[in-house]
J.: 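Got a structure for you, written out below as structure tokens; questions coming shortly.
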Amino acid sequence: MYSVQESHVRLAQLPKTKYDKYEKNTHKCDLLIGVLLIRWEEERSTDGSKWRFLEHKGPVFAPPYEPLPDKVKFYYDGKLMKLAAPAEEVATFFAKMLDHEYTTKDVFRKNFFKDWRKEMTSEEKSKITDLNKCNFAGMNEYFKAQSEARKQMSKEEKQKIKEDNERILQEYGFCIMDNHKERIGNFRIEPPGLFRGRGDHPKMGMLKRRIRPEDIIINCSKDSKHPKPPPGTKWKEVRHDNKVTWLASWTENIQGSIKYIMLNPSSRIKGEKDWQKYETARRLKKCVDRIRNQYREDWKSKEMRIRQRAVALYFIDKLALRAGNEKEEGETADTVGCCSLRVEHINLYPKLDDQEYVVEFDFLGKDSIRYYNRIPVEKRVFKNLQLFLENKQPGDDLFDRLNTSILNKHLQELMDGLTAKVFRTYNASITLQQQLKELSCCEYVPAKILSYNRANRAVAILCNHQRAPPKTFEKSMQNLQTKVIPARKQLKAAKAEHKASHDDKSKKAVEVKRKAVQRIEEQLMKLQVQATDREENKQIALGTSKLNYLDPRISVAWCKKFGIPIEKIYNKTQREKFAWAIDMAEKDFEF
DNA sequence: TGCTAGACTTGTATTGATCGTG
DNA sequence: CACGATCAATACAAGTCTAGCA
């Protein structure tokens with residue numbers, strides 16, 4: 001009926017011709033194949049359907065709760081108490097987190113306690129009225145011992161677990177979409193637990209309830225073998241919607257939002273979408289000058305809404321800010337993006353140090369990561385901002401005549417498929433390309449990698465992808481330094497010996513020493529490069545931009561141009577995700 | 001026009017596996 | 001070979017954006 005093919009095999013075999021027609025209009029590939037592929041492409045996109053055939057085995061559920069052994073004690077107000085399973089389970093969620101800062105936060109404790117009480121029997125409920133009187137220490141110790149025991153398991157036991165996991169992966173971790181076997185991204189249902197919101201989240205500590213088959217909607221094709229629910233249970237629904245890409249979904253109880261099971265980034269469906277994203281960004285490259293001129297003109301508009309739109313777009317373009325959708329107050333942490341900036345988030349300085357018209361940004365963005373930046377802007381922008389601030393309170397919207405929907409509608413008119421986030425993709429990718437051109441230095445491979453990382457870093461800084469310095473940072477830096485010093489000494493010694501051996505005219509010995517010197521020199525250089533890289537990377541996270549913003553073809557082309565093995569830039573998973581680019585891009589690829 | 005549900009991308013934190021070293 | 005450091009994989013939260021409805 002259909003043939004099953006490994007995804008990466010297909011990617012390696014097929015796309016050359018298929019992608020070529022998008023890369024260059026002139027392709028030398030077989031015309032017939034080209035035509036077929038074009039038809040295949042069109043078939044795929046015209047009616048919005050994402051697949052024709054989809055078969056999978058459904059999700060893997062969290063294991064049922066196993067009550068604690070009797071030796072594990074819980075005390076309330078100093079008195080021993082045995083909890084019934086439902087309340088005990090929720091108590092273990094809290095007990096496991098005792099070392100975490102969360103459990104000291106008022107909001108977390110309050111939310112937890114409220115939801116915990118809902119799981120109690122009426123007797124438990126009447127006794128347990130104060131979280132401060134609960135003693136979870138016994139439970140906490142038990143779980144610590146458990147995790148310790150897991151670490152101490154014998155090789156055989158560990159091997160057994162590994163094999164079991166592998167078996168589950170093989171059975172549930174793949175699906176068949178159209179003619180290919182594809183890896184599923186998250187085939188396990190999230191287990192119950194306490195909700196851990198980021199930042200100042202009003203719902204932190206609430207109980208994330210257990211998901212049952214009755215909560216799950218299955219999506220697959222009619223003519224496939226439908227997944228079976230676990231014995232004695234039923235799915236909420238089985239549907240056959242090929243306009244969407246997900247295999248299963250359920251509604252989560254904290255925010256009431258929908259969670260999905262979808263395919264791995266290595267899958268065709270994700271890869272094509274990713275590629276499309278970068279093609280949109282490349283189209284923006286062609287018209288970005290026009291758009292920039294346009295918004296600069298709009299700074300002078302008679303209409304306030306147009307000026308606001310133009311200034312916001314300028315920020316999105318220049319600073320790579322996110323769009324900034326409105327959020328429901330009290331449902332989530334108070335974070336903002338460009339369109340939702342408030343008066344309190346910026347400061348204006350007509351003069352600051354030796355710069356004019358400086359705007360200072362200070363706000364919490366996605367995941368409550370702080371964005372702090374001071375930048376000089378053009379006088380017109382500055383004057384506009386002053387105007388927007390007139391008669392406003394700190395809590396008022398900076399752009400009161402603008403939201404993401406208005407902005408995106410405008411962008412759509414400027415270019416087909418253009419939205420606010422395309423600017424982030426475009427600016428990230430173009431920055432990488434430029435930086436790679438500027439920074440590329442000597443032939444030494446580790447130094448080349450360093451310059452790649454620097455280019456990557458420039459992007460991460462632009463996108464504000466920060467991280468807290470790793471806890472082990474100082475120590476690992478020291479470790480590196482202690483390696484560098486002996487290497488220096490050795491080098492010196494080797495050089496001296498080398499020189500000395502010239503005298504005895506034993507050519508062989510000289511050669512040996514020369515090699516030794518060279519080896520140590522290389523080692524030393526490698527260490528120094530490593531140390532520099534790490535220092536510069538202290539509080540910047542490179543992963544997010546590498547995975548989501550940088551057109552992988554730029555990196556692939558760079559590798560090909562300088563003969564750098566792709567493995568130095570992308571690990572196995574990343575190579576799978578970017579298989580399309582690795583296959584497609586030649587050394588002269590231009591973003 | 002505004003609102004919401006839904007689908008999909010992006011992001012950090014945590015967990016698990018692997019690697020290099022004493 | 002045990003151990004900690006490091007890197008990769010996983011988990012899941014938090015964004016963006018669209019479509020459809022009143």
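Lettering follows sequence order; numbering is per chain, from 1.
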J.: Quick one: is dT16(C) close enough that its OP1 or OP2 comes under 4.0 Å of any side-chain N or O from Thr419(A)?
T.: no
J.: When the distance from CG of Leu194(A) to C1' of dA11(C) is rounded to whole Å, what number comes out?
T.: 15 Å
J.: We want to know whether Asn242(A) and Ser221(A) form a side-chain donor-acceptor pair, criterion being a heavy-atom distance below 3.5 angstrom.
T.: no
J.: Starting at atom CG of Asp334(A), determine the distance to atom P of dA13(C), rounded to an integer number of angstrom.
T.: 20 Å
J.: Once you measure the plane-to-plane angle for Phe361(A) and Phe363(A), does it fall in the parallel (<30°), tilted (30-60°) or perpendicular (>60°) bin?
T.: perpendicular
J.: Between Asp178(A) and Arg52(A), does any side-chain N to carboxylate O distance fall below 4.0 Å?
T.: yes
J.: For the pair made of CG in Asp241(A) and P in dG6(B), what is the distance, rounded to whole Å?
T.: 12 Å
J.: Let me know, please, whether Glu328(A) or Ser545(A) comes out on the 5' side of the other along DNA chain B by nearest nucleotide.
T.: Glu328(A)
J.: Just the rounded figure in Å: distance from P of dT18(B) to CG of Asn571(A).
T.: 13 Å
J.: Tell me whether the rings of Phe108(A) and Phe94(A) are parallel (<30°), tilted (30 to 60°) or perpendicular (>60°).
T.: tilted
J.: Does any pair with a residue in residues 246-265 of chain A pass side-chain hydrogen bond (donor to acceptor under 3.5 Å, both in side chains), and if so which ones, sequence neighbours excluded?
T.: Glu190(A)-Lys259(A), Glu252(A)-Ser257(A)
J.: Please give, in whole Å, the distance from dC7(C) C1' to Ile569(A) CD1?
T.: 16 Å
J.: On DNA chain B, does the nearest nucleotide to Lys162(A) precede the nearest nucleotide to Asn464(A) from the 5' side, or the other way round? Give the residue.
T.: Asn464(A)
J.: Does dA14(C) have OP1 or OP2 under 4.0 Å away from a side-chain N or O of Gln255(A)?
T.: yes
J.: May I ask you to say what Lys409(A) touches in the nucleic acid, namely base, sugar-phosphate or nothing, with a heavy-atom cut-off under 4.0 Å?
T.: nothing
J.: Could you check whether Gly337(A) gets within reach of a base, just the sugar-phosphate, or nothing at all, counting any heavy atom under 4.0 Å?
T.: nothing
J.: In whole Å, what is the span from the CD1 atom of Ile168(A) to the C1' atom of dT10(C)?
T.: 15 Å
J.: For dG15(C), does OP1 or OP2 lie under 4.0 Å from any side-chain N or O of Lys327(A)?
T.: yes
J.: Looking at every strand, decide which applies to Ser257(A) at a 4.0 Å heavy-atom threshold: base, sugar-phosphate, or nothing.
T.: nothing
J.: Please classify the nucleic acid contact of Pro265(A) as base, sugar-phosphate, or nothing, using heavy-atom distances under 4.0 Å.
T.: nothing
J.: Report yes if at least one side-chain N or O of Lys259(A) is closer than 4.0 Å to OP1 or OP2 of dG6(B); otherwise report no.
T.: no
J.: Where each residue is assigned the nucleotide of DNA chain C containing its nearest heavy atom, which of Glu190(A) and Leu418(A) is assigned the position nearer the 5′ end?
T.: Glu190(A)
J.: Can you check whether Arg196(A) has a side-chain N or O nearer than 4.0 Å to OP1 or OP2 of dA14(C)?
T.: no
J.: Tabulate atom names and distances for all N/O pairs under 3.5 angstrom spanning the protein and nucleotides 8-10 of chain B.
T.:
from: dC8(B); atom 1: OP1; to: Lys50(A); atom 2: NZ; distance (Å): 2.9
from: dC8(B); atom 1: OP2; to: Thr245(A); atom 2: N; distance (Å): 3.0
from: dC8(B); atom 1: OP2; to: Thr245(A); atom 2: OG1; distance (Å): 2.9
from: dT9(B); atom 1: OP2; to: Lys270(A); atom 2: NZ; distance (Å): 2.6
from: dT9(B); atom 1: O3'; to: Lys421(A); atom 2: NZ; distance (Å): 3.4
from: dT10(B); atom 1: OP1; to: Lys421(A); atom 2: NZ; distance (Å): 3.2
from: dT10(B); atom 1: OP2; to: Lys277(A); atom 2: NZ; distance (Å): 2.8
from: dT10(B); atom 1: O3'; to: Tyr549(A); atom 2: OH; distance (Å): 3.1
from: dT10(B); atom 1: O2; to: Lys366(A); atom 2: NZ; distance (Å): 2.6

J.: Mind checking if Asn325(A) touches a base, just sugar-phosphate, or nothing, with heavy atoms under 4.0 Å?
T.: base
J.: Expressed in angstrom and rounded to an integer, what is the separation of Asn186(A) atom CG from dA13(C) atom P?
T.: 12 Å
J.: How would you label the contact of Ala541(A) with the nucleic acid (heavy atoms, under 4.0 Å): base, sugar-phosphate, or nothing?
T.: nothing
J.: Rounded to the nearest 0.5 Å, what separation is found between the NE2 atom of His240(A) and the CG atom of Asn219(A)?
T.: 8.5 Å
J.: Assert yes or no for the condition that the ring centre distance of His56(A) to Phe187(A) is strictly below 6.0 Å.
T.: no
J.: Whole-Å distance between dT18(C) P and Asn403(A) CG?
T.: 13 Å
J.: Looking at dC17(C), dT14(B), dC12(C), which one has an atom nearest to any side-chain atom of His100(A)?
T.: dT14(B)
J.: Can you classify the ring geometry of Trp580(A) versus Phe578(A) as parallel (below 30°), tilted (30 to 60°) or perpendicular (above 60°)?
T.: perpendicular
J.: Would you mind telling me which residue lines up with the more 5' stretch of DNA chain C, Phe187(A) or Gly365(A), judged by nearest nucleotide?
T.: Phe187(A)
J.: Can you tell me if Lys577(A) uses its side chain to pair, donor with acceptor, with the backbone of Leu547(A) under 3.5 Å?
T.: yes
J.: Hey, does the side chain of Thr335(A) come within less than 4.0 Å of dG15(C)'s phosphate (OP1/OP2), counting only N and O?
T.: yes
J.: Could you check whether Gly543(A) gets within reach of a base, just the sugar-phosphate, or nothing at all, counting any heavy atom under 4.0 Å?
T.: nothing
